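Below is one structure; the comments refer to it alone.
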Amino acid sequence: MGRQFKYFLKQGVGAPPVTCVKKGDEVKRGQVIADYEPEKLSVPLHTSVTGKVVDVQEDYIIVEQTDTSDDYVKLEEGKDVAETVRRAGILGMGGAGFPAYVKLGTDLHKGGFILCNAAECEPILEHNMTQIMEETDALIDGMRIAMEATGADKGIIGIKLKHKEEIKHINGILKEKGIKDIRVLPLRNIYPVGEERALVRDTINVLIPPGGLPAAADAVVFNVETLCAIAHAVNDLKPCIDKYVTIAGKFKKFKNKGDKEVIHIPYGMMIDDIIEDFGGLDEPIGEILIGGPYTGRRNKENNAIYKLYGGVTATEPFEKAKGPMGIIQCACGPCKERLYEIAQSLGQEPIDYRVCKNAVEQKNGTYKCKDPGNCPGQAEHILAFKKQGCESVLIGHCSDCTNTVMASAPKAGLEVHHATDTPLRTMGRPLIRIFDESIL
């Protein structure tokens, strides 16, 4: 038996595609196995491997691989770039999962911008940096395609200042090709500088209100992987079937603390198979984290790599926290459910839950920050926790918010825990606490 690949129908924003295969069907890599609904916000789903359909459920399809060839069924070219990209099934691969074809249909005014989010904002992850170095031409082609489709006359690649090698590499390619309408703009080394509205603010100096779209600032934002996928779809008629993923943490393959590796795999690969390829788990572990330390989620049984997943980290066991505990949610960090999950792993059932005063609740129940990365202070919440008898606080804050918590919580005698602590300890990385401007 070959390996099984699992494809979830609902992978991003919009309506899930409609299954168009049945159990027993033979399928080829790149073939559509669930097609989009033209009248809805929807993109198709392709099998990333050649094989046989072994299960079709309401929310997923499983294909057993029978051939490991990299060949694929080419796309039928659309009437325009946006339609070709839609047929390729490309979603925002930075984690948001918004269909790329919709953004390509934006009509920007003269002077508009295509912004590339190359910040790789989450700690530990480095697959975007790997792809930049390996697929620089595809990245630039993707930006050019997006600029032509939307009418933008400028492109900006926003990348953290610390990625000096990648900045030098991209600038060298741009100079070599004589490209003057696309440039690299170094960003601060903080979280969440890669958040869409933060990127717009820090590149073209426009702060969009919470819930607003970059189009309000004559801009459209794509991340590195999405732009490369757009280039492959338009230039090579390749559907979105492969994924760069950072593997890190307590895997037996890694001999030293902090070791990690970036792999390029067909999406839909089972997490258990990735664990097997990396020699199994170096027990004991705390959790297997899918995604980044800030916004990732805990792995569940029989899970597989989505188009949006960028990392798999096996962490060391969680430390125990003092109790009682209070929680403050930041708009830029983990959701409420994830924070409570972490609290329980720390051995606590929180007695109070609060939201950062810069967070604005959206219609779907999520939060957007008024000014991502610039925090007004958390002393009010800390004092409230103190009055209730809390001995610790759990946060998932951005760099600046965490800095403000550290200005008040230790003075109030509260032990501080950050949602990213366990994966960062696992990798031997400094914990997110006091923000030191000198790292800029």
Side-chain angles (χ1 to χ4, degrees), residues 2-13 16-17 27 29-31 33-34 43-51 53-55 57 59-65 68 70 72 88-98 100 120 122 124-128 130-131 134-135 223-226 228-229 232 238-251 253 260-281 285 287-293 295-315 423:
R3 282 186 163 176
Q4 294 189 346
F5 286 71
K6 188 174 186 178
Y7 307 101
F8 293 94
L9 271 66
K10 178 70 172 174
Q11 297 219 9
V13 176
V27 292
R29 174 170 150 88
Q31 180 179 327
I33 55 176
V43 299
L45 194 68
H46 308 77
T47 173
S48 62
V49 296
T50 294
V53 178
V54 296
D55 197 8
Q57 297 292 330
D59 56 345
Y60 65 83
I61 299 169
I62 294 180
V63 174
E64 184 178 301
Q65 186 179 30
T68 58
D70 287 334
Y72 58 88
I90 300 172
L91 301 169
M93 296 169 77
F98 194 81
E120 193 123 71
E122 290 267 13
I124 300 175
L125 304 187
E126 60 178 26
H127 51 284
N128 283 174
T130 298
Q131 189 168 21
E134 292 184 356
E135 298 193 24
N223 91 317
V224 170
E225 274 193 283
T226 309
C228 289
H232 292 311
K238 181 181 179 181
C240 184
I241 49 179
D242 294 319
K243 177 73 180 163
Y244 279 83
V245 183
T246 304
I247 310 298
K250 297 194 68 179
F251 294 96
K253 179 178 179 179
K260 55 186 172 180
E261 183 178 326
V262 174
I263 57 176
H264 191 219
I265 57 173
Y267 93 95
M269 188 173 184
M270 302 294 287
I271 302 298
D272 285 348
D273 286 332
I274 291 176
I275 293 171
E276 180 182 323
D277 286 350
F278 279 77
L281 298 172
I285 66 164
E287 67 175 353
I288 297 174
L289 180 64
I290 309 299
T295 58
R297 63 188 70 179
R298 184 168 294 174
N299 182 49
K300 295 181 179 179
E301 188 177 5
N302 296 322
N303 202 2
I305 292 292
Y306 280 57
K307 294 179 184 179
L308 318 183
Y309 285 167
V312 178
T313 302
T315 77

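Residues take their numbers from the sequence shown, with the count starting at 1. These values consider heavy atoms only, across backbone and side chains, with no hydrogens, waters or symmetry-generated copies. Remember, it's a predicted structure, so these values are computed and weren't measured experimentally.
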Please indicate whether R297 has more than 12 foreign heavy atoms, meaning atoms of other residues, nucleotides or ligands, lying under 6.0 Å from its CZ.
no
Looking only at non-hydrogen atoms, find the nearest pair between [X] and [Y] and report the distance.
{"X": "P17", "Y": "P44", "value": "CB-CA, 4.3 Å"}
{"X": "D273", "Y": "Q4", "value": "OD2-O, 4.1 Å"}
{"X": "C228", "Y": "Q131", "value": "CB-NE2, 3.4 Å"}
{"X": "L9", "Y": "A34", "value": "CG-CB, 4.4 Å"}
{"X": "I124", "Y": "A248", "value": "CG2-CB, 3.8 Å"}
{"X": "A304", "Y": "M270", "value": "CB-SD, 3.9 Å"}

Is there a donor-acceptor pair closer than 3.5 Å between any side-chain N or O of [X] and the backbone N or O of [Y]?
{"X": "Q11", "Y": "Y306", "answer": "no"}
{"X": "E225", "Y": "Y244", "answer": "yes"}
{"X": "Y7", "Y": "V63", "answer": "no"}
{"X": "R29", "Y": "D70", "answer": "yes"}
{"X": "T246", "Y": "E126", "answer": "yes"}
{"X": "Q65", "Y": "F5", "answer": "no"}

Test V43 against I90 for side-chain contact (heavy atoms from CB on, under 4.5 Å), laying out the working first.
CA-CA 7 Å; V43 299; I90 300 172; over 6 Å; no
Apply salt bridge (Lys or Arg N to Asp or Glu O under 4.0 Å) to K238 and list each qualifying residue two or more places apart in sequence or on a separate chain.
D242
Across all chains, not counting sequence neighbours, the salt bridge (Lys or Arg N to Asp or Glu O under 4.0 Å) partners of K307 are none
Parallel, tilted or perpendicular for Y60 and F8, by the 30°/60° rule?
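Y60 vs F8 ring planes: perpendicular.
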Going by side-chain hydrogen bond (donor to acceptor under 3.5 Å, both in side chains), name the pairs with one or both residues in residues 263-272, residues two or more places apart or in two chains.
none
Do [X] and [Y] make a side-chain contact, defined as non-hydrogen atoms from C-beta onward lying under 4.5 Å apart?
{"X": "I288", "Y": "V312", "value": "yes"}
{"X": "M93", "Y": "C240", "value": "yes"}
{"X": "N299", "Y": "L289", "value": "no"}
{"X": "D277", "Y": "M269", "value": "yes"}

From [X] atom [atom1] to [Y] atom [atom2], the distance as rounded to the nearest 0.5 Å:
{"X": "L281", "Y": "K250", "atom1": "CG", "atom2": "NZ", "value": "9.5 Å"}
{"X": "D59", "Y": "K10", "atom1": "CG", "atom2": "NZ", "value": "12.5 Å"}
{"X": "E261", "Y": "H127", "atom1": "CD", "atom2": "NE2", "value": "14.5 Å"}
{"X": "I62", "Y": "I33", "atom1": "CD1", "atom2": "CD1", "value": "10.5 Å"}
{"X": "T47", "Y": "L45", "atom1": "OG1", "atom2": "CG", "value": "8.5 Å"}
{"X": "K6", "Y": "I271", "atom1": "NZ", "atom2": "CD1", "value": "10.5 Å"}

Please determine which of T313, I265, I274, V262 meets the side chain to side chain contact (heavy atoms under 4.5 Å, CB included) test together with I247.
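With I247 as partner, side chain to side chain contact (heavy atoms under 4.5 Å, CB included) holds for just one option, I274.
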